[in-house]
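Order of the sequence lines sets the chain letters (A, B, ...), proteins ahead of strands, with each chain counted from 1.
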Amino acid sequence: MMNEQKIINDTLNGKPDRYADLVERYHTGLIIHCEHIVGDRDDAEDIAQEAFIKAFDKLANFDATRARFSTWLYRIATNTALDFLRRHKKQFSVEDIEALAAATEPTYLQDAERAEVRQAVINLMPPEYRHVIEAYYWKGKSYKEIAKELNKPVSTIGSYARRAKLKLKEQLSWVQ
Amino acid sequence: MGTVTIEQVLVATQPVQPGSLSAFTSRTMRAVKRSAQYRAYKKRPRRITGFGWLLRLSPIAFAAVVVAIVAAAATTTYAIFLLWGKPAAHLQETGQNQFGRQQAVINFENCKYFKRDSAMFEVKAGVTLDQPELEKIASARCERDQIVNWVSQTWPLSQGATRVERGETVVIENITATTLSFYDSMHQQHLTLPILTDSRVIIEGADHPLSELKQGDVVVVAVASTFPPGGHGPAIKREVQAIIKLSLPFEYYTSKQTLLTERKPCTGNPQSSCLSNNGLHLYPHFNHNTKQATPETIWEIQGKLVGHTAHSLTLQGSGGEMYVTHTPFDIVNDHNQHWKSTYKNTTVELGDTIAIQYTQPASADHKNIADDEIQYVTLLAEQQIPAGTWVKY
């Protein structure tokens, strides 16, 4: 487990470049989180970047006794996404947005659970399903980038992702 | 476990990525560096120098510090590092990476070798190292580098007849008041060298008497070699300039160093990660038409060989990105047909790890490398001792 407190301490005390470790660790999940809320990948990347910058600016105020860094970071991102939706005058209900946000909030798994999930992904068939899951959730690629790699329409990639997740949920009974 | 969604679970299972920075991270850090907070964080906290900090303690705390110093001075375990800061390595995290190898992130103190405070390593295939082993191997690299740097700075190379060599790591076979005997690090040459009255003995960063060294100690020996006038021919005299005792067993500075390879962002291509490793030289074998390059303008890519034709090599980098190198001929077939005997008939095959160093391109498209930009093409191999036994990475 990354020693986040040390990275935060180093960032605040003369080594701000250490913050890159936190950005690298969390950016894939955070972009997915923002994409769920605003529905557009490019906007999601902008919002995620804005959230990282806000978190950096406020890092001295982060209290590790009250929350994990990821929980705090995701909260900043959710609020930034809500501001984005308001600025673009999109109709939405805060309750609906909060529900979307909750579905991609960070969670922490035991080693055995992580191993089980990885094995389920490795066993996914057809191989395109596995490729889409790995590329989107583990390598931070957008559906557009994956579509180009597989030479398929973006809509097909979305369809592969949905079917892959259904198959995974069948394998992993403890997942909602 | 409460209810979790499949999205949460998939994100939580993201493997630890090797030491590379994504384009998103690079972009975000560029924006971070423009902020006023970046400059504020960059200022180091004010350090209390000298003994001024003592005056700020409460009387009880002051007394406790005095007792501690007296107690430490009374033992032989207290060491002051006068010549260099003692390097230390601390494991931050370890796990299996996407290449099926153990990888570890290690933080350093007083270690200039890796040029930063933290580095990512891959462990040799089929090997698992626990935390103490990882930390010892990494700190041994830093410790030896500290010593070699100290020797280089204390006795800079000169144009005179005598120069001090940077020093091998050896085990003392025998030591007297006037001579030091040891085998070289490959255990091929036995040497007995004179110790001078002004030869220095360094233990834990400080000067010590010669009598504190003994048979079996692991040391770095800095040798002053005097060459004949004109500088040609072997040394006519070799004397011990300094003996620096190392803190760990011999194998941590020699054979165990082959177990860890640093992985870091590729020069010029930080979206991919590169191993700091050598291998089999594939190209070029003769002078060829390459653009002039200085070390600052040489970039690198590494990846799995996924294709080769009469005029190209294609590699897949650590993050899945593709790189195409245009080549004057089929480098892979050329090696396999004409050069493999140089490397005990080791052939290049699809799936092997290849490194390409090339001149910084004039164009922005670094994923297509022109053939006159190639500096070297290397088939990466595991670090081996003795050198010359080739095992592909």
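Here the CG atom belonging to A:Asp21 is positioned 6.0 Å from the OG atom belonging to B:Ser118, to the nearest 0.5 angstrom. Considering CD of A:Glu24 and CE of B:Met29, their distance stands at 11.0 Å, rounded to 0.5 Å. Atom OG1 of residue B:Thr25 and atom OH of residue A:Tyr19 lie 10.5 Å apart, to the nearest 0.5 angstrom. Rounded to the nearest 0.5 angstrom, B:Lys42 NZ and A:Lys15 NZ are separated by 10.5 Å. For the atom pair A:His27 NE2 and B:Gln14 CD, the distance stands at 7.0 Å (nearest 0.5 Å). For the atom pair OG of B:Ser35 and CG of A:Asp57, the computed distance is 5.0 Å after rounding to the nearest 0.5 Å.
Pairs engaging residues 126-138 of chain A under the salt bridge (charged side-chain N to carboxylate O under 4.0 Å, His left out) rule: A:Arg130-A:Glu134 [sequence neighbours left out].
With sequence neighbours left out, the ring-ring contact (aromatic ring centres under 6.0 Å, His included) criterion links B:Tyr38 to no other residue. Remark: A:Glu45 engages A:Arg41, B:Arg27 in a salt bridge (Lys or Arg N to Asp or Glu O under 4.0 Å) (not counting sequence neighbours).
Comparing A:Lys6, A:Arg114, A:Glu149 by how many heavy-atom pairs each has under 4.5 Å with chain B, the most go to A:Arg114. Of the residues considered (A:Thr11, A:Asp17, A:Val117, A:Thr28), A:Asp17 shows the highest number of contacts with chain B, using heavy-atom pairs under 4.5 Å. Contact count against chain B (heavy-atom pairs under 4.5 Å) is highest for A:Pro16 among A:Pro16, A:Ala60, A:Ala20.
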>> Would A:Tyr137 and B:Thr13 count as a side-chain contact (heavy atoms from CB on, under 4.5 Å) here? Give the steps.
In response: CA-CA 9 Å; A:Tyr137 287 99; B:Thr13 322; over 6 Å; no
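Contacts of A:His33 with chain B are absent, with no heavy-atom separation under 4.5 Å from either backbone or side chain. Contact annotation for B:Thr28: both backbone and side-chain heavy atoms come within less than 4.5 Å of a heavy atom of chain A. Contacts between A:Ala48 and chain B at a heavy-atom distance below 4.5 Å involve backbone atoms as well as side-chain atoms.
Annotation: A:Asp63, atom CG; neighbour count of heavy atoms from other residues, nucleotides and ligands within 6.0 Å is above 12.
With a 4.5 Å cut-off on side-chain heavy atoms, A:Arg18 and B:Asn107 count as touching. In this structure, A:Leu168 and B:Leu10 have side chains that are in contact, with non-hydrogen atoms separated by less than 4.5 Å. Between B:Tyr41 and A:Leu59 there is a side-chain heavy-atom pair separated by less than 4.5 Å. The shortest distance between side-chain heavy atoms of A:Glu113 and B:Val9 does not fall below 4.5 Å. A heavy-atom distance below 4.5 Å is found between the side chains of B:Glu7 and A:Lys165. Looking only at side-chain heavy atoms (C-beta outward), B:Gln37 and A:Lys58 stay at 4.5 Å or farther from each other.
Scanning all heavy atoms of the two residues, the minimum distance from B:Ala31 to A:Ile53 falls at CB-CD1, 3.6 Å.
At least one donor-acceptor pair closer than 3.5 Å links the side chain of B:Thr5 to the backbone N or O of A:Ala103. A distance-only check finds no donor-acceptor pair linking the side chain of B:Gln8 to the backbone of A:Thr104 [under 3.5 Å].
Chain B is approached within less than 4.5 Å, heavy atom to heavy atom, by A:Tyr74 from residues 72-82 of chain A, ordered by number.
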